[in-house]
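On a predicted model such as this, the values are computed, not experimentally measured, just so you know.
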Amino acid sequence: MEKIVELNLNGINYTIYGTVRGLKSESMDVESIISGKNFDLIMLGISKEDLEGLKKYIQEPFEVDLSDYEIMYGMKLKEFGEVKMPVPSFTTALRIAIERNIPVEAIDMDEKEYSDLYVKEITTFQLLRHSLRKGKLWDMNFKAK
């Protein structure tokens, strides 16, 4: 599966990299991609709040609190390589952007927008089902290679 897509829309070149969140080896790909080109902007699939937190983490690393789902995800992801938090590909991209003075934009929903949408769309039954799914998720075997 190709993880890099390059396209030109209306005279603007885009490089899109599909990263596996948490897999440490992904940071080497990101470093190679960003170091090999001149970018005007880097966009990360995180919220504005997460971007600010990542900037603070780069300046002065701190312990990251993980949710139950993030812990389960990391345990399953270990099968494919070393796992690290915060997301190594995002941390590497931001570090290089700061060093090279490249603007960085967060393109995911901010916390307020997410919370408003969550409260509007998620029912009590869905919330209960979501909580009960943890046990099933832990026992699940993934077929990805």
Side-chain angles (χ1 to χ4, degrees), residues 1-122 126-127 129-131 133-145:
M1 179 172 101
E2 185 62 41
K3 292 177 60 168
I4 298 174
V5 175
E6 304 222 352
L7 59 131
N8 182 299
L9 297 171
N10 300 323
I12 299 172
N13 294 318
Y14 294 87
T15 301
I16 301 169
Y17 175 69
T19 186
V20 177
R21 288 177 178 242
L23 205 54
K24 188 175 177 185
S25 60
E26 298 284 290
S27 63
M28 291 180 284
D29 289 346
V30 168
E31 190 156 3
S32 174
I33 293 165
I34 297 174
S35 297
K37 295 183 177 189
N38 289 320
F39 287 94
D40 296 321
L41 175 69
I42 294 175
M43 295 183 284
L44 299 177
I46 57 177
S47 69
K48 291 174 186 167
E49 294 88 352
D50 287 344
L51 179 59
E52 290 307 311
L54 200 54
K55 286 177 183 176
K56 289 177 183 172
Y57 179 86
I58 287 172
Q59 291 170 351
E60 191 172 323
F62 52 86
E63 189 172 324
V64 178
D65 291 328
L66 302 175
S67 71
D68 292 347
Y69 282 104
E70 289 171 320
I71 292 168
M72 284 189 275
Y73 172 76
M75 297 298 287
K76 296 287 186 177
L77 190 61
K78 279 193 333 188
E79 184 178 327
F80 302 100
E82 187 178 348
V83 177
K84 188 173 183 212
M85 288 302 281
V87 178
S89 53
F90 291 170
T91 306
T92 298
L94 182 57
R95 179 183 48 78
I96 295 170
I98 291 168
E99 289 169 2
R100 294 178 56 188
N101 204 26
I102 303 169
V104 177
E105 290 288 330
I107 60 172
D108 202 352
M109 287 189 274
D110 62 34
E111 297 295 330
K112 181 175 178 359
E113 185 180 2
Y114 177 84
S115 296
D116 290 348
L117 192 59
Y118 192 90
V119 168
K120 179 182 172 192
E121 298 295 331
I122 301 300
Q126 289 171 321
L127 187 59
R129 191 174 70 196
H130 175 78
S131 296
R133 238 176 68 197
K134 284 182 188 176
K136 283 185 181 179
L137 193 62
W138 185 249
D139 295 331
M140 186 183 262
N141 290 317
F142 296 100
K143 296 177 184 174
K145 295 179 179 153

Are any of the side-chain heavy atoms of Leu44 and Ile107 separated by less than 4.5 Å? no
Val20 and Phe80: side-chain contact (heavy atoms from CB on, under 4.5 Å), yes or no, with the steps? CA-CA 10 Å; Val20 177; Phe80 302 100; over 6 Å; no
Contacts of type salt bridge (Lys or Arg N to Asp or Glu O under 4.0 Å), residue Asp108, not counting sequence neighbours: none
Any idea which heavy atoms bring Gly22 and Leu77 closest together, and the distance? C-CD2, 3.9 Å
Using distance alone, with no hydrogens and no angle criterion, decide if Asn8 and Tyr14 have a side-chain donor and acceptor under 3.5 Å apart. no
Provide the closest heavy-atom pair for Tyr114 versus Met109 in the form atom of the first, atom of the second, distance. CD1-CE, 4.0 Å
Counting C-beta onward and ignoring hydrogens, is there a side-chain heavy-atom pair between Tyr118 and Leu127 closer than 4.5 Å? yes
Under the criterion salt bridge (Lys or Arg N to Asp or Glu O under 4.0 Å), I'd like the reasoning laid out for Lys112 against Asp116: C-alpha separation, chi angles, the key distance, then a yes or no. CA-CA 6 Å; Lys112 181 175 178 359; Asp116 290 348; 2.8 Å; yes
Report yes if the side chains of Asn13 and Phe39 come closer than 4.5 Å at any heavy-atom pair, otherwise no. no
For residues Glu121 and Gln126, determine if any side-chain heavy atom of one lies less than 4.5 Å from a side-chain heavy atom of the other. no
Is the backbone N or O of Met43 less than 3.5 Å from a side-chain atom of Glu105, with the two atoms forming a donor-acceptor pair by type? no
Quick one: pull up NZ in Lys76 and CD1 in Ile71 and give me the separation to the nearest 0.5 Å. 14.5 Å
Minimum heavy-atom distance between Ser89 and Val30, given as atom pair plus value: CB-CG2, 3.6 Å
Could you list the residues that satisfy side chain to side chain donor-acceptor pair (under 3.5 Å) with Gln59, not counting sequence neighbours? none
Going by heavy atoms in the side chains, are Thr92 and Leu94 under 4.5 Å from each other? no
Tightest non-hydrogen contact, residues Ile102 and Ile34, listed as CD1-CG2, 4.5 Å
Do Lys3 and Glu26 have side chains that get closer than 4.5 Å, going by heavy atoms? yes
Donor-acceptor check, side chain of Thr91 to backbone of Val87, threshold 3.5 angstrom: yes or no? yes
Say you draw a straight line from CD1 of Ile16 to CD1 of Ile33; how long is it, rounded to the nearest 0.5 Å? 11.5 Å
Heavy-atom distance under 4.5 Å between the side chains of Arg100 and Asn38, does that happen here? yes
Could you tell me how the ring of His130 sits relative to the ring of Tyr69: parallel (under 30°), tilted (30 to 60°) or perpendicular (over 60°)? tilted
What distance separates Asp68 CG from Met72 CE, expressed to the nearest 0.5 Å? 6.0 Å
Student check: side-chain heavy atoms of Tyr73 and Val83 closer than 4.5 Å: no
Output the distance between atom CD1 (Ile96) and atom CD (Glu31), rounded to the nearest 0.5 Å. 4.5 Å
Looking at Ser67, is its backbone amide N or carbonyl O close enough to the side chain of Glu70 to form a donor-acceptor pair, meaning the two atoms are under 3.5 Å apart? yes
When every non-hydrogen atom of Pro88 is compared with those of Ser27, the smallest separation belongs to O-CB, 3.7 Å
Any idea which heavy atoms bring Lys37 and Thr15 closest together, and the distance? NZ-OG1, 3.2 Å
Taking only Lys NZ, Arg NE, NH1 and NH2, and the carboxylate oxygens of Asp or Glu, determine whether Glu60 and Lys56 approach each other closer than 4.0 Å. no
OG-NZ distance between Ser25 and Lys84, expressed to the nearest 0.5 angstrom: 12.5 Å
Distance, nearest 0.5 Å, that separates CG of Leu54 from CZ of Phe90: 9.0 Å
Trace of the side-chain contact (heavy atoms from CB on, under 4.5 Å) decision for Ile4 with Glu6: CA-CA 7 Å; Ile4 298 174; Glu6 304 222 352; 4.1 Å; yes
Heavy atoms of other groups near Lys48 NZ, more than 12 under 6.0 Å: no
